[in-house]
Engineer: 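Following this message is one structure expressed as structure tokens.
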2 protein chains.
Amino acid sequence: MDMKEIAMLLKDHGIKPSHHRMKIYEYLVTHRNHPNVDMVYQELIQEIPTLSKTTLYNTLNLFLNKGLVQLITIAENEMHYDADVSMHGHFMCKECKKIYDIWFEDNDIVLPDLKDFAVDESHIYFRGTCLACLNKQLQD
Amino acid sequence: MDMKEIAMLLKDHGIKPSHHRMKIYEYLVTHRNHPNVDMVYQELIQEIPTLSKTTLYNTLNLFLNKGLVQLITIAENEMHYDADVSMHGHFMCKECKKIYDIWFEDNDIVLPDLKDFAVDESHIYFRGTCLACLNKQLQD
DNA sequence: AACAAATTTGTAATGATTACAATTAATTTA
DNA sequence: TAAATTAATTGTAATCATTACAAATTTGTT
């Protein structure tokens, strides 16, 4: 996804595509690693030495409000962000803290329609231990 | 659920049933309101004027580790707790912040078995607006 | 009662996030 | 094009949930 496409995507979501905003979205869409704020910051500060964390928070909240990214509240002490807003689940390894995408077969999961609620977001979270960390534990 | 039953339940989970611990669990099991730490504190401090928030945090973490309660990470800035550890979903209203239980019909939801992951916990979260808040909005 | 172990407490530290006012950059108007 | 207006970005300080830690209290044991 090149910068021209990113600019158009932001515009389509009612977001003026400033340089900072484009770089932040570019980070999310190329890494796809469900980063927390600091992961984005540590990477972008090298290209944009003046970048402020407040700008990051402002921008990510703007993206959230415009529906450009989704918020992942699977961790206990910090937010994570996902540029993929399509319906899929997330698994967090309690050992390495890594967050994995969980893709479902088409009919694997059908969430029920909720009466008495206007639902904006649906999330499916799993916690446990990932294969890499299970193997590491066997070596001890 | 009386105190004798609570004491037995704690013991069955390897937790020595001190008075504080029993009162904290009693709060969770009788209110069933998915409280945050402060909600428990504000109620119990009236009966136990010496209660410390550190004790609350310690106790809730102990309950979590022993599998007596489950952690709800649906809110963006604080943890919520649920004494009902059976599989059910949660809906959080963005307006009033209230958390509702979502019960599924038996075959309504079948979460897939994940290869390459040892899953300890599965959570289904919804966010949106509850009926009470939708009606309130119509009045304006 | 005396000792040891477990529980509870109070205070201070941590760390993610937000508030807010100042600065800088971009856009519009004259 | 320059001044004026608006929007975006920055830096610092505040907020607030949670944890660290050592002291005090309670409980259980010889």
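FYI, side chains are in, hydrogens and waters are out, and symmetry mates aren't considered; it's all heavy atoms of this structure. Labels below follow one simple rule: chain letters A, B, ... track the order of the sequence lines, proteins then strands, and each chain is numbered from 1. Predicted, not measured: the structure shown is a model, and the values here were computed from it.
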Engineer: Without decimals, in angstroms, what is the distance between A:K97 NZ and C:dG15 P?
Structural biologist: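 In whole Å, C:dG15 P and A:K97 NZ are 15 Å from each other.
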
Engineer: Hydrophobic side-chain clustering at under 4.5 Å (ILVMFWY, transitive links): who's grouped with B:I74? Put none if nobody.
Structural biologist: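 Result for B:I74 is A:I72, A:I74, A:M92, A:I99, A:Y125, B:I72, B:M92, B:I99, B:Y125.
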
Engineer: Grab the CG-C1' distance between B:L60 and C:dT7 for me, whole Å please.
Structural biologist: 15 Å

Engineer: Where along nucleotides 14-21 of chain D does protein come under 4.0 Å, by heavy atom, of base (B) or sugar-phosphate alone (S), with - for untouched nucleotides?
Structural biologist: ---SBBBB

Engineer: Mind jotting down which residue pairs meet the salt bridge (Lys or Arg N to Asp or Glu O under 4.0 Å) criterion with at least one end in residues 66-79 of chain B? Sequence neighbours excluded, please.
Structural biologist: none

Engineer: Please give me every residue in residues 8-30 of chain A whose heavy atoms get under 4.0 Å of an atom in DNA chain D, ordered by residue number.
Structural biologist: A:K16, A:S18, A:H20, A:R21

Engineer: I need the CG-C1' distance between A:L56 and D:dT9, as an integer number of Å.
Structural biologist: 11 Å

Engineer: Treating A:E43 as the side-chain partner and A:M39 as the backbone partner, does any N or O pair qualify as donor plus acceptor under 3.5 Å?
Structural biologist: no

Engineer: Taking the six-membered ring for Trp and the single ring otherwise, decide whether the centroids of A:F126 and B:F117 are under 6.0 Å apart.
Structural biologist: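 Centroid distance A:F126-B:F117: not below 6.0 Å, so no.
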
Engineer: Determine whether B:L28 and B:V69 make a side-chain contact, defined as any pair of heavy atoms from C-beta on separated by less than 4.5 Å.
Structural biologist: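 When only atoms from C-beta onward are counted, B:V69 and B:L28 do touch, with a gap below 4.5 Å.
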
Engineer: Show me, pair by pair, the donor-acceptor contacts under 3.5 angstrom made by side chains of residues 9-17 of chain A, not counting sequence neighbours?
Structural biologist:
| unit_1 | atom_1 | unit_2 | atom_2 | d |
| --- | --- | --- | --- | --- |
| A:H13 | ND1 | A:L9 | O | 2.9 |

Engineer: Would you please name every residue forming a side-chain contact (heavy atoms from CB on, under 4.5 Å) with B:D116, sequence neighbours left out?
Structural biologist: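 Expected list: A:L131.
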
Engineer: Counting N and O atoms only, with roles assigned by atom type, does the side chain of A:E5 sit under 3.5 Å from a partner on the main chain of A:D2, one being a donor and the other an acceptor?
Structural biologist: yes

Engineer: Looking at A:T55, does any N or O in its side chain come under 4.0 Å of the phosphate oxygens OP1/OP2 on D:dT10?
Structural biologist: yes

